Amino acid sequence: MSLVFKIAFRNLWRHKGKSLVIGIILFFGALVMTMGNAVINGMDRGIRENLVERFTGHAVIMSTNRLVDDIWSGIPMPKEMPVIGGYPEVRDLLLSDDDIAQILPAAMGLTLILNEESDFAYSFLVGVEFENYQRMFLSNVTAIEGKLLDNGERGLLLTDGARNFIYEQTGWWILPTGGDIIEEHLSDEALSNKATLETPDNLVLMGFSGSGDALDVRTEIKGIVRYNRLNELFKGVSFIDIETFRECFNYLTASDSVTEVEEKTKELLTLEGDDLDALFESGDIFSMVDMSAQIGTPTEIKIEVPDRDAEIDIDAGAYNTVFIKFKDGANHQEAIERIASALEENRMDARIVNWQDASGMLSQMAGIARVFLTGVVLFIFFVAIIIIMNTLSMAAMERTTEIGMMRAVGAQKNFIAKMFSAETFALSFMFGGAGILVGILLVFIIRAMQIPVTNDLAQFIFGGDIASPFIDFGTLLSIVIQLIIVTLLSLIYPVVLARKITPLDAVSRN
Amino acid sequence: MSIIEMKEVKKEYSLGETKVHALRGIDFSVEEGDFLSVVGPSGSGKTTLLNIIGCIDNATAGSVKIHNEETTAMNDIQLTYLRLYKIGFIFQTFNLIPVLDVRENVEFPLLLMKKFSRDEINKRSDKIIDEVGIKEFIKHKPAELSGGQRQRVAIARALITNPDIVLADEPTANLDSVTGEKILELMKELNRIEKTTFIFSTHDPDVIKYANHIVKLKDGSIVN
């Protein structure tokens with residue numbers, strides 16, 4: 001063993017008290033660093049695995065007329081959620097891109113839920129072919145009552161969170177068709193009123209449309225559902241089949257698209273630009289429409305459901321959102337830029353938004369949580385550096401005679417610096433290493449315990465409904481580098497002090 | 001041949017607004033192989049003189065040459081090399097490295113040089129440890145040794161590099177008279193065998209009898 005290390009190790013043992021103080025600081029510093037990094041990792045992976053893989057995909061397509069990118073937050077006003085014009089062309093363009101693995105068209109919007117007493121609640125709905133949704137988003141939805149929707153099947157899947165909200169607003173405890181009350185699913189208030197609970201299995205929905213052209217649609221409840229991940233955050237988002245959604249919002253449905261086009265309309269569609277004046281020749285282009293058909297109490301309203309046996313291309317109807325997942329290994333940024341250019345070049349009514357922008361507040365929350373955690377880790381770094389620096393500086397001054405004597409008999413300043421560095425790095429290696437190991441152990445224990453997380457912010461911090469911090473090799477390397485940086489920064493001032501000690505200082509002390 | 005030459009060496013300290021003249025223009029030279037004693041009462045400048053010769057303090061003015069090399073113009077690295085290769089130190093309070101045992105303390109300067117094999121280091125340390133009579137304490141730490149034994153370790157450490165000069169600042173001050181005499185006899189013997197130049201300071205008149213030459217200091221000036 002080299003002379004420097006021999007002296008360093010023996011000095012550590014000789015000054016056990018100080019070594020222990022510095023060691024404990026390094027231990028806890030490394031422990032917090034490890035845990036903090038593991039949590040940040042978990043958050044990163046949680047956002048990727050949960051938000052991206054289960055809710056937004058890697059990118060979202062929306063109409064060029066849509067004013068906001070965020071697909072989840074706020075109450076979307078009609079002008080902010082226009083349909084994508086010419087979806088089939090957009091779809092064909094997306095499917096021709098080599099980096100895209102999956103796309104899922106959908107329609108999203110807020111619907112009012114009405115009852116006979118003019119009470120109302122509201123719910124954010126995703127209109128989608130539900131089996132396709134489950135396939136795209138890792139079967140993230142589970143039915144806790146009733147059943148899930150099949151593709152093409154009409155009905156509503158209400159989240160248990162939305163059911164509780166509707167109960168609070170209207171006093172109805174929604175049940176799926178043919179379902180019974182399950183006591184353990186009742187909210188406290190609903191449980192206390194169990195005997196008198198109204199339990200409808202269908203609801204009248206009206207798309208929240210500022211233009212006033214939304215329709216009331218009675219819909220059967222097929223299931224009460226929960227999200228497997230991030231349920232607390234997304235419990236307000238329920239599902240409905242796409243055709244019913246379109247009817248609620250008075251969008252073009254797939255059924256509409258197969259309706260026989262009248263002869264007159266055909267003529268209009270085939271008109272050349274020069275013949276536009278001909279439109280006004282006959283004088284019957286305007287006619288009175290009886291709007292009273294759309295006015296009435298919700299129970300009176302009946303929407304004629306088209307024959308489901310007819311051959312319907314579901315994509316012929318309107319969508320306002322398309323979720324995109326890229327293939328593994330694809331460069332997302334490049335792919336997004338390429339698709340954006342292609343959409344623009346082809347003058348399509350569609351633009352692409354990355355998942356961060358599409359998630360709006362949600363991804364910002366994650367960013368804030370990450371900054372906060374990083375701040376905590378940096379603060380601990382700072383405190384550790386100050387305490388270690390102070391302790392080492394005191395140690396240097398207390399060892400003036402020893403250091404000065406070494407200098408007198410021929411030790412260069414660098415030898416003294418190396419000796420101090422070796423002592424501190426040895427402590428850092430032993431105690432910091434122990435802190436990292438204990439941190440890793442705690443991370444494994446936390447993962448093994450499957451601790452449930454119910455708080456919204458905590459769900460982000462822990463990357464999901466279960467606390468799931470994790471350490472990988474890269475993180476471990478980064479923690480070791482952080483520990484080395486802390487050690488180096490702690491060392492600078494004490495080493496400068498120790499190097500300044502002269503042989504004369506030792507003699508003067510004698 | 002002069003191994004040390006000092007001309008008009010002055011050393012002043014500031015104590016607040018007061019200037020202390022520790023040395024007031026010292027002129028003297030030391031011959032190679034001498035056994036020289038610097039004597040004088042406390043505060044006469046003995047330690048300051050030895051510190052300047054040993055390159056652990058700077059003169060305020062004047063010239064100090066060791067082997068004809070001007071030390072006052074050297075930087076810290078050069079002075080440290082000079083101390084390592086040419087000068088051995090024996091301190092009043094022994095100043096051993098507490099975490100190293102006797103052998104390791106003695107070998108310390110050789111290990112700093114990084115130019116000797118382990119065999120060579122062992123050979124040299126065995127020889128010098130044997131000469132200063134501490135062979136049976138070779139694995140002891142300084143705290144386990146008496147004052148006399150520690151000073152023997154310090155002497156062995158000072159001599160292991162075969163320096164040209166050994167400086168000893170009141171080497172017997174912390175020892176009882178019998179041990180002190182033994183230490184001085186040892187230094188004298190090593191001076192005779194190794195031809196090493198010894199300069200030691202003392203204010204003990206009994207110690208002076210061992211010296212070949214004596215430099216008497218009073219109030220920072222040589223008085224003989």
Side-chain angles (χ1 to χ4, degrees), chain A residues 1-20 22 392 395-424 426-427 495-510, chain B residues 11 13 46-48 50-52 54-58 75-101 104-114 121 141-143 154 156-161 163 166-167 169-170 173-174 201:
Chain A
M1 196 193 303
S2 86
L3 181 64
V4 168
F5 283 105
K6 190 184 283 181
I7 296 175
F9 282 123
R10 290 184 191 176
N11 265 326
L12 289 179
W13 184 245
R14 182 165 177 247
H15 304 285
K16 289 187 276 289
K18 279 194 191 69
S19 303
L20 200 63
I22 297 171
L392 286 175
M397 299 320 290
E398 282 172 13
R399 286 162 62 184
T400 297
T401 308
E402 181 188 331
I403 293 166
M405 181 275 300
M406 287 179 180
R407 296 277 287 121
V409 300
Q412 295 283 1
K413 285 180 177 177
N414 278 349
F415 179 87
I416 305 299
K418 279 182 199 165
M419 188 177 77
F420 254 79
S421 305
E423 286 178 24
T424 315
L427 280 178
V495 164
V496 168
L497 275 185
R499 278 171 61 96
K500 279 186 179 168
I501 294 171
T502 64
L504 192 61
D505 293 327
V507 175
S508 306
R509 287 223 174 178
N510 287 339
Chain B
K11 181 68 186 180
Y13 298 105
K46 303 186 296 292
T47 300
T48 306
L50 258 62
N51 286 346
I52 289 173
C55 304
I56 60 177
D57 200 358
N58 304 315
N75 63 25
D76 183 75
I77 293 174
Q78 291 169 317
L79 290 172
T80 308
Y81 272 118
L82 191 72
R83 290 197 297 269
L84 179 60
Y85 284 92
K86 308 257 183 196
I87 303 169
F89 287 92
I90 300 166
F91 298 98
Q92 186 179 330
T93 48
F94 326 124
N95 281 353
L96 301 174
I97 300 169
V99 293
L100 299 182
D101 63 24
E104 289 162 342
N105 261 291
V106 171
E107 290 173 351
F108 183 71
L110 284 187
L111 294 169
L112 290 177
M113 288 178 176
K114 291 181 183 169
I121 292 170
K141 294 274 167 60
R157 183 182 66 188
L159 289 168
I160 196 164
T161 57
V166 173
L167 299 169
D169 187 15
E170 306 214 25
N174 284 338
S201 67

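None of the values given here were measured: they were computed from a predicted structure. First the proteins, then the strands, lettered A, B, ... as listed; each starts at 1.
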**OP:** For B:L100 and A:K6, run side-chain contact (heavy atoms from CB on, under 4.5 Å): C-alpha distance rounded to whole Å, both residues' side-chain angles, the deciding distance at 0.1 Å, then the answer.
**Re:** CA-CA 9 Å; B:L100 299 182; A:K6 190 184 283 181; 4.2 Å; yes

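- Not counting sequence neighbours, the partners of B:D169 by the side-chain contact (heavy atoms from CB on, under 4.5 Å) test are B:T47, B:L50, B:S201.
- Going from atom CD1 of B:I97 over to atom OG1 of A:T401 covers 12.5 Å, rounded to the nearest 0.5 Å.
- The ring-ring contact (aromatic ring centres under 6.0 Å, His included) check on B:F89 picks up B:F91, with sequence neighbours excluded.
- Looking at B:Y85, there are no atoms closer than 4.5 Å to chain A (heavy atoms on both sides), in backbone or side chain.
- Annotation for B:L96 and A:M405: closest pair C-CE, 3.9 Å, computed over non-hydrogen atoms.
- Side-chain contact check for A:L3 versus B:E107: every heavy-atom pair is 4.5 Å or farther apart.
- The local environment of NZ in A:K16 is crowded, with over 12 non-hydrogen atoms from other residues, nucleotides or ligands closer than 6.0 Å.
- A 4.5 Å side-chain heavy-atom check between A:T502 and B:I56 finds every atom pair outside the cut-off.
- Once rounded to the nearest 0.5 Å, the distance linking CG of B:L84 with CD of A:Q412 reads 8.0 Å.
- Neither the backbone nor the side chain of B:K86 comes within contact range of chain A; no heavy atoms are under 4.5 Å apart.
- Chosen from B:G54, B:P109, B:P98, the residue pairing most often with chain A at heavy-atom distances under 4.5 Å is B:P98.
- A salt bridge between B:D101 and A:R10 is absent, with no side-chain N of the basic residue lying under 4.0 Å from a carboxylate O of the acidic one.
- Contact tally against chain A (heavy-atom pairs below 4.5 Å) for B:L111, B:L79, B:I77: the top residue is B:I77.
- Looking at heavy atoms from C-beta onward, B:D76 lies in side-chain contact with A:R407 at the 4.5 angstrom threshold.
- Contacts of A:E402 with chain B are made by side-chain atoms alone, with heavy-atom separations under 4.5 Å and no backbone atom involved.
- Taking A:A411, A:P503, A:A408 one by one and counting their heavy-atom pairs under 4.5 Å with chain B, the maximum is reached by A:A408.
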